[in-house]
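We count ligands from 1, going down the list as the structure has it; atoms in each ligand are counted the same way.
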Amino acid sequence: MDFDRARSDLVDRLIEAGRLDRPATARAMRAVPRHEFVPSDRREAAYHDRPLPIGGGQTISAPHMVATMTDLLAPDSGDDVLEIGTGCGYHAAVTSEVLGGGTVFSVEVDPELAHEARDRLGRLGYDVRVRVGDGHAGWPAHAPYDGAYLTCAPASMPEAVVEQVRPGGRIVAPVGRGRQELVRLTRRTDGGVDRETHGGVRFVPMRSDD
Ligand code: SAH
C-alpha cells in the first residue's frame, strides 16, 4: 500500500471538507506517518478518517479531530505545549511538527502506553517528552506553557492545566460527562479567561476524575 499517497489524499479531503484550515496544520499532517502509530493489523486503515483502537481500551482520535484541535490551539513555531493523554503519540507528533523548534510535554496515565509512545516518538525523531502521571495535575516542572490540550474528557476543565498556561495562551479540551463539548479557553492578560465551545464530541473519559 502507498501510505504517502493515502496520507496526502486524506489531508486533501479534510481541507475540501472544511475540517482543516491552517497551512501549518496541513503541513504537519502531511508529514506524520499515522500508520506507524496504529497497531500493525490496522495499518491499512490508518488513512481513513476514523478513530482506531490502540490497546488498553484507548483510541487514537480520528484525523479530522486532530486537525480541528490543532487549528484551534494554533500554536506558533517555537512554542512549548502541554498535552494530557499521550495515547499512541500521534497527536503529539502532529503538534511537534507544527512547533518546529518547540517541545511537546505529554502526560499519560497508562504506563504501558506511555513507554510505547516514548519509544515510538524517539525512534521517529519527534521532540516530545512523555511522563507517566495523572494529567489533572498537569506537568508543573516545565510551566508556563504557550498552550495546552487534552485528548481525554474531564468532567470539568482541570484547574492546574489552565494555571500552567501563560496569559495569552489557549487550552483546548473535550469537556463533560455524558455529553461532551469541545472547549477552547484563552487566558487573558488581566487574569480572566475567555471560553468558546466548538460542538459536541466523543472522547475517552479522563481517568480518576471524580
Ligand atoms: N492523543 C492520543 C489519543 C489518546 S486517547 C493519540 O494520538 O493516540 C486518550 C488518552 O488519555 C489515553 O491514552 C488515556 O490513557 C489517557 N488518559 C486518560 N485519563 C488520563 C489522565 N487522568 N491523565 C493522563 N492521561 C489520561
Side-chain angles (χ1 to χ4, degrees), residues 7 10 14 25 28-29 31-40 42-43 45-73 75 81-99 104-121 123-124 126 128-142 145 147-162 164 171-177 180 182 201-210:
R7 182 162 66 252
L10 168 66
L14 293 174
T25 306
M29 292 189 65
V32 179
R34 191 169 186 259
H35 64 277
E36 297 278 1
F37 291 83
V38 302
S40 47
R42 300 281 182 163
R43 286 191 162 193
Y47 298 109
H48 300 173
D49 189 19
R50 284 206 304 257
L52 288 171
I54 53 172
Q58 302 302 323
T59 54
I60 173 175
S61 304
H64 76 263
M65 191 48 65
V66 174
T68 296
M69 290 180 71
T70 308
D71 276 350
L72 285 173
L73 190 66
V81 168
L82 174 65
E83 175 188 73
I84 307 299
T86 322
C88 66
Y90 171 72
H91 196 153
V94 170
T95 306
S96 170
E97 282 282 353
V98 175
L99 298 183
V104 179
F105 295 89
S106 186
V107 182
E108 168 59 53
V109 76
D110 181 316
E112 202 176 316
L113 285 175
H115 294 139
E116 282 174 16
R118 187 186 287 138
D119 288 352
R120 179 181 295 119
L121 288 159
R123 175 166 54 81
L124 295 170
Y126 290 106
V128 179
R129 307 257 313 262
V130 180
R131 167 176 174 248
V132 180
D134 180 356
H136 286 94
W139 190 343
H142 304 285
Y145 301 97
Y149 63 96
L150 283 73
T151 70
C152 46
S156 60
M157 193 69 96
E159 254 334 289
V161 172
V162 178
Q164 287 168 26
I171 303 106
V172 176
V175 179
R177 279 285 173 274
Q180 303 170 2
L182 192 61
V201 290
R202 255 180 94 104
F203 281 72
V204 297
M206 191 171 184
R207 273 193 241 162
S208 64
D209 205 12
D210 309 299

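- Here Glu36 pairs with Arg43, Arg123 under the salt bridge (Lys or Arg N to Asp or Glu O under 4.0 Å) rule; sequence neighbours left out.
- In terms of heavy-atom proximity, Ser106 sits nearest to Glu83 at OG-OE1, 2.6 Å.
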Polar pairs, ligand 1 vs protein, N/O only, below 3.5 Å.
residue  : atom   : partner : partner atom : Å
ligand 1 : 1 (N)  : Gly85   : O            : 3.4
ligand 1 : 1 (N)  : Thr151  : OG1          : 3.4
ligand 1 : 7 (O)  : His91   : N            : 3.1
ligand 1 : 8 (O)  : Cys88   : N            : 3.1
ligand 1 : 13 (O) : Gly87   : N            : 3.4
ligand 1 : 13 (O) : Glu108  : OE1          : 2.7
ligand 1 : 13 (O) : Glu108  : OE2          : 3.4
ligand 1 : 15 (O) : Glu108  : OE2          : 2.6
ligand 1 : 19 (N) : Arg207  : N            : 2.8
ligand 1 : 22 (N) : Asp134  : OD1          : 2.9
ligand 1 : 22 (N) : Arg207  : O            : 3.2
ligand 1 : 23 (N) : Gly135  : N            : 2.8
ligand 1 : 25 (N) : Val109  : N            : 3.3

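- The salt bridge (Lys or Arg N to Asp or Glu O under 4.0 Å) search around Arg120 returns none, not counting sequence neighbours.
- For the pair Arg34 and Tyr47, the minimum side-chain heavy-atom distance is below 4.5 Å.
- At distances below 3.5 Å, at least one donor-acceptor pair connects side-chain atoms of Thr68 with backbone N or O atoms of His64.
- Every residue meeting the side-chain contact (heavy atoms from CB on, under 4.5 Å) condition with Val201, not counting sequence neighbours, appears here in chain and number order: Met65, Pro174, Gln180, Leu182, Phe203.
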